Amino acid sequence: MLQEQLSLAVQNGKAKDVVALVEQGLAAGETAEALLGGLLDGMGVIGEKFKNNEVFVPEVLIAARALSRGTALLKAQLVEEGVEPIGTAVVGTVQGDQHDIGKNLVKMMLEGAGFAVVDLGVDVSPESFVAAVKEHKPQILGMSSLLTTTMGSQKDVVEALKAAGLRGQVKVMVGGAPVTQAFCDEVGADGYTADAASAADMAKAFVSGA
Ligand code: B1M
């Protein structure tokens, strides 16, 4: 019941309700894992609706903000309960590119799917992507590019990973408005999706070996 309420509060972007419900749940002795389940369910519903054009960027951002208010409250207890993320993802917008709205959506959807996400921000050089893969050992590396003039940098990152001997350790996902499946194949990435919710689905499939 509380989980359903939490799910709905996230779907409706009601951050205050999320906080109140999480506090209520914790006080009543609910596990952080169970409460997190409600929050993630809500984000999952929003992700599906976003994919089907039933909701749009503003609704997703508001839902994600509500979700993060809830997860912030649960963080300490989740660590105590030993709840592990399903994997680690490093994300960033490629070198020369300042657009981050799509990349931020991908980050939110990945977090909503249970990943620990390291966000490198915008204008990320191939060297920085490689350094982050070395440091965080992610299962997923997600790149975003919005300009035809910067999308080539996604290939530079794949090549830099190969040169560093790291290519086999990480699934590389590419996306952004000008990116296509053909481009993904051409640069030697592992996956492309047209939207952020599908990116999270693909990342989940990669870590589960599906
Ligand atoms: Co820029 N801009 N912009 N811009 N901007 C575009 C992209 C452009 C198409 C506008 C146009 O001319 N019609 C055009 C690119 C043309 C081209 O390359 N062919 C353009 C240009 C030219 C520029 C500048 C060069 C303008 C100038 O200064 N002369 C400049 C470049 C700056 C730079 O990056 N170096 C520039 C600047 C800016 C702002 C700073 C003003 C601002 C960015 C603000 C920000 O991001 N914080 C901005 C914006 C907002 C846009 C538009 C209007 C919107 C982009 C956006 O956020 N879309 C855009 C025009 C348009 O699209 N109508 C435009 C919404 C977002 C949710 O979509 O990021 O595609 P998107 O993400 C999607 C999918 O692609 C996917 O998921 C999301 C949906 O779920 N996805 C992934 C994204 N990453 C993924 C990764 C994945 C999987 C899926 O796996 C890892």
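Atoms within a ligand are numbered from 1 in the order they appear, just like the ligands themselves. Nothing here was measured: the structure is a model prediction, and the numbers come from that model. Residue indices begin at 1 and follow the sequence shown. Because only heavy atoms are used, hydrogens play no part in the values below, and waters and symmetry mates are left out as well, while side chains stay in.
- When only interatomic distances are considered, the shortest N/O to N/O separation between A197 and ligand 1 does not fall below 3.5 Å.
- Counting heavy atoms from C-beta on, the side chains of V124 and V94 never come closer than 4.5 Å.
- L67 and V83 fall within the same hydrophobic cluster, where Ile, Leu, Val, Met, Phe, Trp and Tyr residues are linked whenever their side-chain heavy atoms come under 4.5 Å apart, directly or through other members.
- Counting heavy atoms from C-beta on, the side chains of L26 and L74 come closer than 4.5 Å.
- Distance screen at 4.0 Å: atom 20 (C) of ligand 1 has a protein heavy-atom neighbour inside the cut-off.
- Ranked by closest heavy atom to atom 82 (C) of ligand 1, the top entry among S145, G102, S144, G176 is G176.
- Summarising the local packing, CD of E33 is surrounded by 12 or fewer heavy atoms from other residues, nucleotides or ligands at distances under 6.0 Å.
- Heavy atoms of A194 come nearer than 4.0 angstrom to ligand 1 in at least one pair.
- Inclusion of A196 in the set of residues having an N or O under 3.5 Å from an N or O of ligand 1 is warranted.
- Closest approach of A200 to M109, counting heavy atoms only: CB-O, 3.6 Å.
- Of all protein heavy atoms, the one closest to atom 50 (C) of ligand 1 is I101 CD1, 4.3 Å.
- Distances from atom 77 (O) of ligand 1 to the protein include at least one heavy-atom value under 4.0 Å.
- Within a 4.0 Å radius of atom 2 (N) of ligand 1, the protein contributes one or more non-hydrogen atoms.
- Ligand 1 is never approached by P178 to a heavy-atom distance shorter than 4.0 Å.
- In this structure, T149 falls outside the shell of residues with a heavy atom less than 4.0 angstrom from ligand 1.
- Considering only non-hydrogen atoms, atom 46 (O) of ligand 1 lies nearest to D100 out of D100, V122, V172.
- More than 12 heavy atoms of other shown residues, nucleotides or ligands fall within 6.0 angstrom of atom CD in Q98.
- In this structure the side chain of L40 never reaches within 4.5 angstrom of the side chain of E111, judged on heavy atoms.
- Heavy-atom contacts from other residues, nucleotides or ligands closer than 6.0 Å to NZ of K51 number more than 12.
- Distance check, rounded to the nearest 0.5 Å: CE of M43 to CZ of F50 gives 9.0 Å.
- Side-chain contact annotation: T93 with S144, donor-acceptor N/O pair under 3.5 Å absent.
- Atoms of ligand 1 found under 4.0 Å from any heavy atom of D97 (numbered from 1 in listed order, with element): 34 (O).
- Of the possible polar contacts, none joining the Q154 side chain to the V187 backbone as a donor-acceptor pair under 3.5 Å is found.
- Of the protein's heavy atoms, T193 O, 3.4 Å lies nearest to atom 89 (C) of ligand 1.
- With a 4.0 Å cut-off on non-hydrogen atoms, D195 touches ligand 1 through its backbone as well as its side chain.
- For the pair T88/F115, no side-chain contact is recorded, criterion being any heavy-atom separation below 4.5 Å from C-beta on.
- The contact set between ligand 1 and G142, taken as ligand atoms under 4.0 Å from a residue heavy atom, comprises 91 (C).
- Atoms of ligand 1 lying under 4.0 Å from any heavy atom of M143, numbered from 1 in the order shown and given with element: 86 (C), 91 (C).
- Contact annotation for atom 59 (C) of ligand 1: protein absent (non-hydrogen atoms, distance under 4.0 Å).
- Counting protein heavy atoms only, atom 18 (O) of ligand 1 is closest to T148 N, 2.9 Å.
- In this structure, Y192 does not count as a contact residue of ligand 1, since none of its heavy atoms falls inside 4.0 Å of the ligand.
- Distance screen at 4.0 Å: atom 86 (C) of ligand 1 has a protein heavy-atom neighbour inside the cut-off.
- Distances below 4.0 Å separate heavy atoms of L105 from the following atoms of ligand 1: 67 (C).
- With a 4.5 Å cut-off on side-chain heavy atoms, I140 and V170 do not count as touching.
- With contacts defined as side-chain heavy-atom distances shorter than 4.5 Å, the pair L166/K134 qualifies.
- With ligand atoms numbered from 1 in the order given, ligand 1 contributes 79 (C), 80 (O) to contacts under 4.0 Å with heavy atoms of F50.
- Closer than 4.0 Å to atom 91 (C) of ligand 1 lies at least one heavy atom of the protein.
- For atom 1 (Co) of ligand 1, the nearby protein N/O/S atoms, meaning those under 2.8 Å, are H99 NE2.
- The atoms of ligand 1 that sit less than 4.0 Å from any heavy atom of A177 are 70 (O), 75 (O).
- When all heavy atoms of S145 and V179 are compared, the pair lying nearest together is O-CG2, 4.3 Å.
- With a 4.5 Å cut-off on side-chain heavy atoms, V91 and L110 count as touching.
- Within the 4.0 angstrom cut-off, atom 52 (C) of ligand 1 has no protein heavy-atom neighbours.
- For atom 34 (O) of ligand 1, a protein heavy-atom neighbour is found at a distance under 4.0 Å.
- Here is the list of ligand 1 atoms found below 4.0 Å of a heavy atom in A199: 88 (C).
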